[in-house]
Structure formats: structure tokens, C-alpha cells
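In what follows, a single structure is set out as C-alpha cells and then discussed.
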Amino acid sequence: MQNYIKVKKALEVYSPQEDTWFLTDTLVKYFDNLDRFNYKKLHVCEIGIGSGYISAVLGKIYPNINFVGVDVYFGAVELSYKNMIRWIQLNRFSLICSNLLNPFNPETFQPDVIYFNPPYVKTSINEYKNTTTPIIKTWAGGPSGTAVIHKFLENLKDFNFKTGFFVSSQFNDNETFEIKFKKNFRFKIINERKVEDEKLLCYQVILRK
Ligand SMILES: C[S@@+](CC[C@H](N)C(=O)[O-])C[C@H]1O[C@@H](n2cnc3c(N)ncnc32)[C@H](O)[C@@H]1O
């Protein structure tokens, strides 16, 4: 685990923590393994950008990546702007306040890579449906832990992209989405990390053509 950069924090915005660093490390490994000598321009999209930490780190390391970041909470969009502008030139990123990829047109929006550290903690239905506290929305995954992952995959299947990555936990009902979306995607757990009593999982997802 490596803490690559320091970022500003804000109330009600998810601060970088173990799952953030886990997804960052996984993505750094992935981009390192691509042909870096080629320096092909890559377009990536982060859903649930939070503080902007993951994309700021990637933008700092890989000058050939351009970013679109979205978050459902406007405070996160504001904060990620402040953190990303320290490391990435303005013409390399755009940020939008939106629910998943809803405002995008699948005909024209076709990023190479999409990644999401979603709310994945098992919670009661009441916590999951809490609409008044943005910070609860950053981690509450409903009774299965996968409620937001299901919505994400439902949305993602309309888009053309090369590969996607998202985080879940070993405690979650992961087989529910693996079964429901097996016609749409190939799933592979490409990284795991033990954090205290929990094991975090990073799924790679590829569209079935
Ligand atoms: C676990 S936090 C991760 C934040 C940051 N990417 C990180 O790893 O530190 C999940 C983020 O997803 C956002 N989010 C939750 N549901 C969303 C949705 N439907 N559409 C877009 N963003 C969402 C939350 O506001 C929060 O910023």
C-alpha cells in the first residue's frame, strides 16, 4: 500500500482510505503493464470520484491519460476539482455531478477504462435509503452490500468500453451480480487485500460482445 499524494478533505466527502489505496494500487499495476512506450492517449472515467484522489494519482503518473469524473454529490465534484487541478492540467479532465453515467450518450462516450470504488458496505435498507446525509451514501451498499454495484452494472451494459474495475468485499453477496450480468460481462477478481477482518476484492469487468 502506498499513499501517493496528500489531498484536501471536506465534510461529507469520502476521504482516501484502505479501499481507495487498494483500487489505486490495482490501477497503477494495470496501467504500468500497458505499453507505456507507445504513449497512446487513453480516456478513462471514474465514477464516484469522491476527493479525486485516485484520478489525481493516475493523472500525475500517466501524462497520456485524460479523465472524466462523476459523483452524485456536488461537494465531491468541487473537492475533486481542487485536488485534481494540483496535478493535472485543466484540458485533461472534466467533472460532472451525476448519477452514474446517466447524462452520457453511449454512442459518443466510449472511454477505454471505467473504474468505481462504490458504496459496498452491508447496511440496513433504512441506511441505504437515507437521502439526507451524503456521507452515508458514500459507503452504504444495502443488505446485500451490492445494491449500488447492481445499478452500476445495469448502467454500464449500455456503454462501449475496453475494461472496467470496481471494488467489493468478500462479505457481500457478489454471486448475485455475477449471475445476473453474466450474459453482459466477464468478471474476474484481479486483486484482493486483507484489511483487518475483511478481504477487499477488485473485479475486472469486460463486455461480452
Ligand atoms: C466509497 S466512496 C469512493 C470515493 C473515492 N473514489 C475514493 O475511492 O476514495 C464512493 C463514492 O461514490 C459516490 N457515489 C455513490 N453513488 C453514486 C452514484 N449513483 N453515481 C455517482 N457517484 C456515486 C459517492 O458520493 C462517493 O463519493
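What you see is a predicted model, and the numbers here were worked out from it, not measured in a lab. The figures here come from the full heavy-atom set of this structure, side chains too, leaving out hydrogens, waters and symmetry mates. Counting starts at 1 for both ligands and their atoms, following the listed order.
Residue contacts with ligand 1 leave out Ser51, since none of its heavy atoms falls under 4.0 Å from the ligand. The shell of residues lying under 4.0 angstrom from ligand 1, judged by heavy atoms, includes Ile54. In this structure, Tyr120 falls outside the shell of residues with a heavy atom less than 4.0 angstrom from ligand 1.
The protein heavy-atom contact nearest to atom 1 (C) of ligand 1 is Thr138 O, 3.0 Å. Shortest contact from atom 17 (C) of ligand 1 to any protein heavy atom: Val72 CG1, 3.7 Å. In this structure, the protein non-hydrogen atom closest to atom 19 (N) of ligand 1 is Asn99 OD1, 2.8 Å. Annotation: atom 6 (N) of ligand 1 to nearest protein heavy atom, Gly48 O, 2.7 Å.
Near Phe116, meaning under 4.0 Å from any of its heavy atoms, are these atoms of ligand 1: 12 (O). Within ligand 1, the atoms closer than 4.0 Å to a non-hydrogen atom of Ser98 are 20 (N), 21 (C), numbered from 1 in the order shown. For ligand 1, the atoms closer than 4.0 angstrom to any heavy atom of Pro119 are 15 (C). Here is the list of ligand 1 atoms found below 4.0 Å of a heavy atom in Lys137: 15 (C).
Proximity annotation for atom 9 (O) of ligand 1: of Leu101, Asp71, Ile96, Thr20, Thr20 comes nearest, heavy atoms only.
Using a 4.5 Å heavy-atom threshold, the side chains of Tyr30 and Thr26 count as separate. Counting only heavy atoms from C-beta outward, the side chains of Asn66 and Val44 never approach each other to under 4.5 Å. Using a 4.5 Å heavy-atom cutoff, the side chains of Lys8 and Leu79 are in contact. Taking the side chain as every heavy atom from C-beta outward, His150 and Thr176 approach each other to under 4.5 Å. In this structure the side chain of Lys151 never reaches within 4.5 angstrom of the side chain of Ile149, judged on heavy atoms.
If you look at Phe109 and Phe104, their ring centroids are closer than 6.0 Å. Aromatic ring centroids of Phe116 and Phe166 lie 6.0 Å or more apart. Two rings, from Phe187 and Phe181, have their centers 6.0 Å or more apart.
Annotation: Asn117 places an N or O atom under 3.5 Å from an N or O atom of ligand 1; distance criterion only. When only interatomic distances are considered, the shortest N/O to N/O separation between Leu100 and ligand 1 falls below 3.5 Å. Some N or O of Glu46 is nearer than 3.5 Å to an N or O of ligand 1, by distance alone.
Minimum heavy-atom separation, Asn155 to Leu101: OD1-N, 2.7 Å.
Taking a 6.0 Å sphere around NZ of Lys194, one finds it holds more than 12 heavy atoms contributed by other residues, nucleotides or ligands. The neighbour count for Asn105 CG, taken as heavy atoms of other residues, nucleotides or ligands under 6.0 Å away, is above 12.
Only backbone heavy atoms of Ile49 (N, CA, C or O) come within less than 4.0 Å of ligand 1; its side chain stays farther off. At a heavy-atom distance under 4.0 Å, no atom of Phe152 approaches ligand 1.
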